[in-house]
**Student:** 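Below: one structure in structure tokens.
Quick note: numbers below take in every heavy atom, side chains included, and nothing from hydrogens, waters or symmetry partners. Just follow the structure's listing: the first ligand is 1, and inside any ligand the first atom is 1.
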Amino acid sequence: MDVGALFLKAAAYAAEFRRSVGDRPQRPTDDYSRAFAAFSEELPEHGSPVDEVLDALVAKAEPGLHMPTGPRFFGWVMGGSHPAGVAADFLTSAWGQNTGNHVVAPSAAAVETVAARWLLDLLDLPHESSVGFATGATMANFTCLAAARGAVLRAVDWDADTQGLFGAPQITVVIGDDAHTTIFSALQFLGLGHDRVLRVATDDQGRMLPDAFADVFRSINGPSIAILQAGQINTGACDDFAKLIPIAKAHGAWVHVDGAFGLWAQASQEKCILTTGIGSADSWATDGHKWLQTPYDCGYAIVRDELAHRRAMTISASYLPLAAEGERDPSHYVPELSRRARGFATWSMIKHLGRDGIAALVDRNCDAARVMAEHLRGEPGIDVVNDVVLNQVIVRFGTDRGADEADNMTRSTIARLQRDGMAFAAGALWRQRLVMRMSLTNYLTDARRAEIAARAVIEAYRNVWQENGPA
Ligand SMILES: *Cc1c(COP(=O)(O)O)cnc(C)c1O
């Protein structure tokens, strides 16, 4: 098959899927075992024509696809893979650039330089910071914390990048009780241990208590790293950066912020109040594939001290300045050498939406979350558990029947909603209780769509209520 015909066919399949996504049930029809059965066959001894392979791929994959690209998908925290980013990503694949350095991939390296500058501007972070284009926030957190580890040890004359942690001075990691699980993974990968941390108590929204934070810092000395959060995965709450960062800084700590989605509050005039003071941290991790709507995989590791960033990640043995003024080697800022040219999709999304379009996207999702919460609150027996300050809404059902029965009703309502397929949300545990968690993080989700989805949620609950009989 001619390459043009093949690519057009793939594009036609993609367009057909995206045009119909809002009309499909907002869930897969196949679960894992059925998807596995669809793909499962012996290793092919002989090849097949490429267009038949494409047809087979679509037929086998589509029934097992979720709909994060649709307007009423609220599961986990997922972006919508905006068409502008997807189109750039098609080209990224087709161009096949190996984005290790500026000689091997001049355009891919250069576009990162510009997209990095735009990101710092959009997110109102220090302009001297360096930005690594990682797979997602997990690896962005890892990258930032590697820079932190190196810097706090270097300050006590230990070079962790060459000597490792054998015999190194101890680092104390201070973290909130409601940090995201992947932060603990990053600590594990870095040899800092996911349980070897000092945890700080949090309030009912998951924000660290400043007094408890200060108490923890009073109890420690030596190298330390404080990990703060913008956007708690359940509540959307942000730590009080203006209070916490100066406390940590007074003790010489490196301050890192996990802002996988919450950092984007910085892009909105309305919402940046939530992240006041965040700019005085030392590093920030965020995702492109959540609120910026780039396709998966895309995250950003942002480090104020470029040298600390490069020392932690660079593959060459020297930490010399860039090859020539202004030249960027992408591999100096992330763990990988060969990788996808993530800068193209990032550049395209920012170019397409612009500063005002990105602010509008954040505001639109936050408005939609507020509307969702208002509608749900209006129904007896439904409780919105969090303060809806951003794009996250967590909800319990049947709360007039006591906590245990509400767990059951919540479980049943989630199952019913998923079965009906008008909207998708999944469960999560919050304060030891089951909640329906809704994350409104798709460029198509506005107040009107949130209202339609809220009606579907209420209907699912009423059906469960009826099946269970009156309280
Ligand atoms: C999603 C998320 C992560 C992990 O990001 P990935 O892109 O999935 O690697 C980390 N922290 C928070 C707060 C998140 O929401």
**Student:** Using a strict cut-off of 4.0 Å, indicate which atoms of ligand 1 neighbour a heavy atom of Ala260.
**Tutor:**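 Atoms satisfying the 4.0 Å criterion: 2 (C), 3 (C), 10 (C), 11 (N), 12 (C), 13 (C), 14 (C), 15 (O).
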**Student:** Tell me which part of Met139 gets within contact of ligand 1: side chain, backbone, both or neither, using heavy atoms under 4.0 Å.
**Tutor:**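 Answer for Met139: neither.
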**Student:** I'd like to know if the side chain of Asn98 pairs up with that of Ser338 as donor and acceptor (distance under 3.5 Å, no hydrogens or angles considered).
**Tutor:**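 The criterion, which ignores hydrogens and geometry beyond distance, is satisfied for Ser338 and Asn98.
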**Student:** Against ligand 1, does Ile233 come closer than 4.0 Å with any heavy atom?
**Tutor:**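 Ile233 counts as a contact of ligand 1 under the 4.0 Å cut-off.
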**Student:** Show which atoms of ligand 1 fall inside a sub-4.0 Å distance from at least one heavy-atom site of Gly136.
**Tutor:**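 What qualifies from ligand 1 is 7 (O), 9 (O).
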**Student:** Any side-chain donor paired with an acceptor under 3.5 Å for Thr314 and Arg310?
**Tutor:**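 Checked: Thr314/Arg310 side chains show no N/O donor-acceptor pair below 3.5 Å.
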**Student:** Within a distance under 4.0 Å of any heavy atom of Gly231, pick out the atoms of ligand 1 and give their elements.
**Tutor:**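 Near Gly231, meaning under 4.0 Å from one of its heavy atoms, ligand 1 has 13 (C).
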**Student:** Does Gly299 reach ligand 1, in the sense of a heavy atom lying below 4.0 Å from it?
**Tutor:**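 In this structure, Gly299 fails to qualify as a contact of ligand 1 - no heavy atom is under 4.0 Å.
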**Student:** Distance alone, cut at 3.5 Å: any donor-acceptor contact between the side chains of Ser439 and Gln392?
**Tutor:**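 Checked: Ser439/Gln392 side chains pair up, N/O donor to acceptor below 3.5 Å.
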**Student:** Under 3.5 Å, is there a donor-acceptor pair between the side chain of Asn141 and the main chain of Thr143?
**Tutor:**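 Here the side-chain-to-backbone pair does not exist.
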**Student:** Are there over 12 heavy-atom neighbours, none belonging to Lys249, within less than 6.0 Å of that residue's NZ?
**Tutor:**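 More than 12 within 6.0 Å, yes.
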**Student:** Any N or O of Ala137 that comes nearer than 3.5 Å to an N or O of ligand 1?
**Tutor:**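 Yes, at least one N or O pair falls under 3.5 Å.
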**Student:** Checking contacts here: is it the side chain or the backbone of His289 that comes within 4.0 Å of ligand 1, counting heavy atoms only? Could be both or neither.
**Tutor:**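 Just the side chain.
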**Student:** Give the numbers and elements of all ligand 1 atoms closer than 4.0 Å to a heavy atom of Phe261.
**Tutor:**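 Answer for ligand 1: 15 (O).
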**Student:** Would one find more than 12 heavy atoms of other residues, nucleotides or ligands at under 6.0 Å from atom CZ of Phe39?
**Tutor:**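 Atom CZ in Phe39 is packed in, count exceeds 12.
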**Student:** Do any nitrogen or oxygen atoms of Asp258 come within less than 3.5 Å of a nitrogen or oxygen of ligand 1?
**Tutor:**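 Yes; the residue has a nitrogen or oxygen that sits under 3.5 Å from a nitrogen or oxygen of the ligand.
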**Student:** How far is atom 14 (C) of ligand 1 from its nearest protein heavy atom, and which residue and atom name does that atom have?
**Tutor:**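 Going by distance alone, atom 14 (C) of ligand 1 is nearest to Lys290 NZ, 2.9 Å.
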**Student:** Got a sec: does the CD1 of Ile273 have more than 12 other heavy atoms crowding it under 6.0 Å?
**Tutor:**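 Check fails, neighbour count at 12 or below.
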**Student:** Would you say the side chains of Asp329 and Ser331 form a donor-acceptor pair under 3.5 Å?
**Tutor:**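 Checked: Asp329/Ser331 side chains show no N/O donor-acceptor pair below 3.5 Å.
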**Student:** Give me the nearest non-hydrogen protein atom to atom 8 (O) of ligand 1 as residue plus atom name, then the distance to 0.1 Å.
**Tutor:**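 Scanning the protein heavy atoms, the shortest distance from atom 8 (O) of ligand 1 goes to Thr138 OG1, 4.2 Å.
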